[in-house]
Amino acid sequence: MSTENEGINEGTPVPPAPSAPPVPVESPTASPEQAAPGTGAPATPQPTTPPPAPSAPHTPQGSALDGDWPPPGVPGAAPADAAWPPPQQPTPSYADNGFAAHSAHGSAHPGNPGATGIDTAAWGAAYQQPAPPKARRGRGGLAAAVLVAALVAGGLGGGLGYTLAKNDDTGSTTVSASDSGGSVKRDPDTVAGVAAKALPSTVTIQAESSDGEGGTGTGFVFDTQGHIVTNNHVVADAVDGGKVTATFPSGKKYDAEVVGHAQGYDVAVIKLKNAPSDLKPLPLGDSDKVAIGDSTIAIGAPFGLSNTVTTGIISAKNRPVASSDGTGSSASYMSALQTDASINPGNSGGPLLDAQGNVIGINSAIQSTGSGGLGGTTQSGSIGLGFAIPINQAKYVAQELIKDGQPVYAKIGASVSLEESTDGAKITDQGAGGAAAVEAGGPAAKAGLKPGDVITKLDDTVIDSGPTLIGEIWTHKPGDKVAITYERDGKTHTVDLTLGSRKGDS
């Protein structure tokens with residue numbers, strides 16, 4: 001095991017994220033439906049016809065349209081210049097004097113969320129159980145109240161109609177309705193327009209190990225050769241002799257193979273077997289230019305519900321996130337885009353789009369109120385804190401995987417502590433397996449870094465812990481020059497450092 005900065009050691013528990021330690025999610029359980037018993041019809045019967053008009057002009061006090069409830073007894077009021085009282089109007093008839101309301105609910109059982117359940121992320125607030133709903137009135141009372149409102153509106157319409165006819169004997173109060181509802185046009189830059197264009201290029205991925213274990217995730221078309229980009233944890237079970245399939249929204253299903261996977265980046269590429277010739281890759285955006293507040297659109301298969309579209313905004317950038325693969329022995333680190341678009345287990349690997357339909361990230365992790373430590377098996381639903389791998393980083397990783405099947409990581413050549421901290425990333429006294437903490441001849445050694453130094457900044461990014469440093473380093477490519485700010489013996493120093501490289505996950 002190398003002593004490089006990623007600090008991922010087989011068999012070593014994964015530390016929580018520094019400023020925002022992720023928590024694995026758990027499968028939500030459906031809450032039993034709460035229904036308040038009806039109280040029956042109101043004690044006072046409601047009138048079925050409007051009460052007689054008053055003998056003198058009366059100023060209306062409002063109607064159901066004004067928000068008064070129950071509506072006043074006066075069925076309507078004619079304008080001041082109208083004769084009073086108006087001629088008796090016939091009582092309008094209604095096909096239905098009430099309505100029924102119901103709550104649509106249900107549950108989906110995708111089978112085995114599996115690998116998608118490892119989505120984890122930053123700190124979350126405690127969940128507060130909502131107060132029980134107040135008892136509702138019975139259907140009879142509601143139907144009667146609706147009838148009164150309808151009669152009041154009908155009386156008002158009758159009075160106005162009489163006045164119009166009085167002032168213009170040749171006019172008509174009848175309004176002709178259109179024979180059709182007209183055509184619906186959705187502009188390409190609306191959510192519906194973006195979704196319609198992007199959905200045909202997304203797939204639902206089923207990955208199974210040789211013993212049948214696995215789960216559901218999402219991916220998107222990367223090129224016309226049939227390469228699909230997704231998360232490593234979505235296909236991890238199928239890497240050694242497993243099975244992978246990809247299903248398009250059209251229902252077409254293809255067998256696929258894992259071309260390459262990067263556990264540290266949590267990115268993987270699969271390739272469709274017998275790929276169709278009409279594949280349309282999704283356009284890639286520039287995640288460096290994303291701003292907080294930008295609109296986002298997420299596409300995925302939450303809990304196995306394929307082709308689901310949710311919306312939100314970018315709520316934060318450069319969020320340090322560490323997520324486990326579910327085994328508790330390894331982790332992925334990212335400097336993530338944070339979004340409040342609803343993301344759940346099964347969204348993993350799916351595209352996060354901007355308002356123009358460009359991919360700006362790969363949905364990878366969520367913060368949840370579910371219990372359990374990092375690397376656990378519990379799952380729960382979205383609370384509006386989702387995290388995506390920036391597409392600029394994911395694009396680089398995917399290209400490396402397609403080229404030779406292995407990831408290439410940037411490194412500083414030093415082992416740092418993965419313990420939770422807010423002071424910075426401390427270079428350890430000893431590396432993994434008893435090796436030197438600072439690699440001889442490596443980038444850190446050439447820059448003069450030593451064990452015990454505490455790295456506090458990389459370029460302009462504040463470093464508050466080891467995982468944050470790793471995630472930030474991995475947003476760069478080998479050969480990039482960065483400025484490292486560190487503290488030694490109470491003094492602050494800054495040095496330039498050229499990042500080295502490491503190939504493969506081990």
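- At distances below 3.5 Å, not a single donor-acceptor pair connects side-chain atoms of N232 with backbone N or O atoms of A268.
- Atoms CG and CD1, on N363 and I343 in that order, are 3.5 Å from each other to the nearest 0.5 Å.
- Across all non-hydrogen atoms, the minimal contact from A246 to L272 is CB-CD2, 3.7 Å.
- When the side-chain contact (heavy atoms from CB on, under 4.5 Å) test is applied to S342, the partners found at least two apart in sequence or on another chain are T310, N344, S382.
- Using a 4.5 Å cut-off on side-chain heavy atoms (C-beta onward), P345 and I366 make contact.
- Using a 4.5 Å heavy-atom cutoff, the side chains of V244 and V258 are in contact.
- Going from atom CG of D286 over to atom NZ of K395 covers 9.0 Å, rounded to the nearest 0.5 Å.
- A donor-acceptor contact under 3.5 angstrom links the side chains of D211 and S209, judged on distance only.
- Taking the side-chain contact (heavy atoms from CB on, under 4.5 Å) definition, one finds that P390 meets it with S287, L337, Q393, sequence neighbours left out.
- With sequence neighbours left out, F220 forms a ring-ring contact (aromatic ring centres under 6.0 Å, His included) with no residue at all.
- At least one side-chain heavy atom of S364 sits less than 4.5 Å from a side-chain heavy atom of N231.
- For P188, there are no side-chain contact (heavy atoms from CB on, under 4.5 Å) partners two or more places apart in sequence or in a different chain.
- Using a 4.5 Å heavy-atom cutoff, the side chains of P281 and V221 are in contact.
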(message) Go through it in stages, so that I can follow the logic: the residues are H476 and V482, the test is side chain to side chain contact (heavy atoms under 4.5 Å, CB included), and I'd like the CA-CA distance, side-chain angles, deciding distance and then a yes or no.
(response) CA-CA 9 Å; H476 293 77; V482 297; 3.8 Å; yes
Sequence neighbours excluded and cut-off under 3.5 Å, please list the side-chain donor-acceptor pairs for residues 352-362, or say none.
from, atom 1, to, atom 2, distance (Å)
D354, OD1, Q356, N, 3.0
D354, OD1, G357, N, 3.0
D354, OD1, N358, N, 2.8
D354, OD2, N358, ND2, 3.3

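- Side-chain atoms of K273 and E257, non-hydrogen and from C-beta on, do get closer than 4.5 Å to each other.
- Side-chain contact annotation: Y409 with D505, donor-acceptor N/O pair under 3.5 Å present.
- Residues D496 and K481 are not paired through a salt bridge, judged by the lack of any N-O separation under 4.0 Å between the basic side chain and the carboxylate.
- Not a single salt bridge (Lys or Arg N to Asp or Glu O under 4.0 Å) links R186 to another residue, sequence neighbours left out.
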(request) In sequence, state the C-alpha distance, the side-chain angles, and the governing distance for F303 and N347, and then conclude on side chain to side chain contact (heavy atoms under 4.5 Å, CB included). (result) CA-CA 8 Å; F303 299 105; N347 277 104; over 6 Å; no
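- Checked against a 6.0 Å centroid threshold, the rings of F248 and Y254 count as neighbours.
- Residues satisfying the salt bridge (Lys or Arg N to Asp or Glu O under 4.0 Å) criterion with K403, sequence neighbours excluded, are E400.
- Summarising the geometry, atom OG1 belonging to T247 is positioned 12.5 Å from atom NZ belonging to K252; distances are rounded to the nearest 0.5 Å.
- Closest approach of Y265 to V408, counting heavy atoms only: OH-O, 2.9 Å.
- With a 4.5 Å cut-off on side-chain heavy atoms, V269 and I228 do not count as touching.
- Residues L449 and I427 have side chains in contact (heavy-atom distance under 4.5 Å, counting atoms from C-beta outward).
- With sequence neighbours excluded, no residue satisfies salt bridge (Lys or Arg N to Asp or Glu O under 4.0 Å) with D223.
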What donor-acceptor contacts under 3.5 angstrom involve side-chain atoms of residues 289-301, with partners at least two apart or in another chain?
from, atom 1, to, atom 2, distance (Å)
D294, OD2, A291, N, 2.9
T296, OG1, G312, O, 3.2
T296, OG1, I313, N, 3.3
T296, OG1, T339, OG1, 3.0

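- Under a 3.5 Å cut-off, the side chain of D459 and the backbone N or O of A483 do form a donor-acceptor pair.
- If you check the side chains of S348 and H233, you find a donor sitting under 3.5 Å from an acceptor.
- For the residue pair S417 / T428, no side-chain donor-acceptor distance below 3.5 Å is found, with atom types taken as modelled.
- Between K411 and E439 there is a salt bridge, with a side-chain nitrogen of the basic residue lying less than 4.0 Å from a carboxylate oxygen of the acidic one.
- We find the NE2-OG1 distance between H493 and T456 to be 10.5 Å, quoted to the nearest 0.5 Å.
- When all heavy atoms of A398 and V229 are compared, the pair lying nearest together is CB-CG2, 4.0 Å.
- In terms of the side-chain contact (heavy atoms from CB on, under 4.5 Å) criterion, residue partners of T245 (sequence neighbours excluded) are, by chain and number, Q206, K243, K253, D255.
- At a cut-off of 3.5 Å, with distance as the only test, no side-chain donor of D340 or S315 sits close to an acceptor on the other residue.
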(request) Start with the C-alpha gap between I389 and V267, add the side-chain angles, then the distance that decides, and say whether side chain to side chain contact (heavy atoms under 4.5 Å, CB included) holds. (result) CA-CA 9 Å; I389 303 167; V267 174; 4.0 Å; yes
(request) Show your reasoning for whether side chain to side chain contact (heavy atoms under 4.5 Å, CB included) applies to D404 and K503. (result) CA-CA 11 Å; D404 60 14; K503 193 171 185 177; 2.9 Å; yes
Side chains of residues 190-205: which donor-acceptor partners sit under 3.5 Å, not counting sequence neighbours?
from, atom 1, to, atom 2, distance (Å)
T190, OG1, D187, O, 2.7
T190, OG1, G193, N, 3.1
S201, OG, K280, O, 2.4
T202, OG1, L199, O, 2.9
T204, OG1, S306, OG, 2.9

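- In terms of heavy atoms, K457 sits closest to V462 at CG-CA, 4.2 Å.
- Between the side chain of R488 and the backbone N or O of G490 there is no donor-acceptor pair closer than 3.5 Å.
- Looking at residues two or more places apart in sequence or on another chain, you find no ring-ring contact (aromatic ring centres under 6.0 Å, His included) involving F222.
- Taking each heavy atom of D237 and E213 in turn, the nearest pair found is CB-O, 4.0 Å.
- Annotation: side chain of K450 is in contact with side chain of D453 (closest heavy-atom distance under 4.5 Å).
- Here the NE2 atom belonging to H261 is positioned 9.0 Å from the CD atom belonging to Q406, to the nearest 0.5 angstrom.
- In this structure, CE in M334 is found 12.5 Å from OG1 in T468, a value given to the nearest 0.5 Å.
- No more than 12 heavy atoms of other residues, nucleotides or ligands sit less than 6.0 Å from atom CG of D240.
- The nearest pair of heavy atoms linking A336 to V321 is CB-CG2, 4.1 Å.
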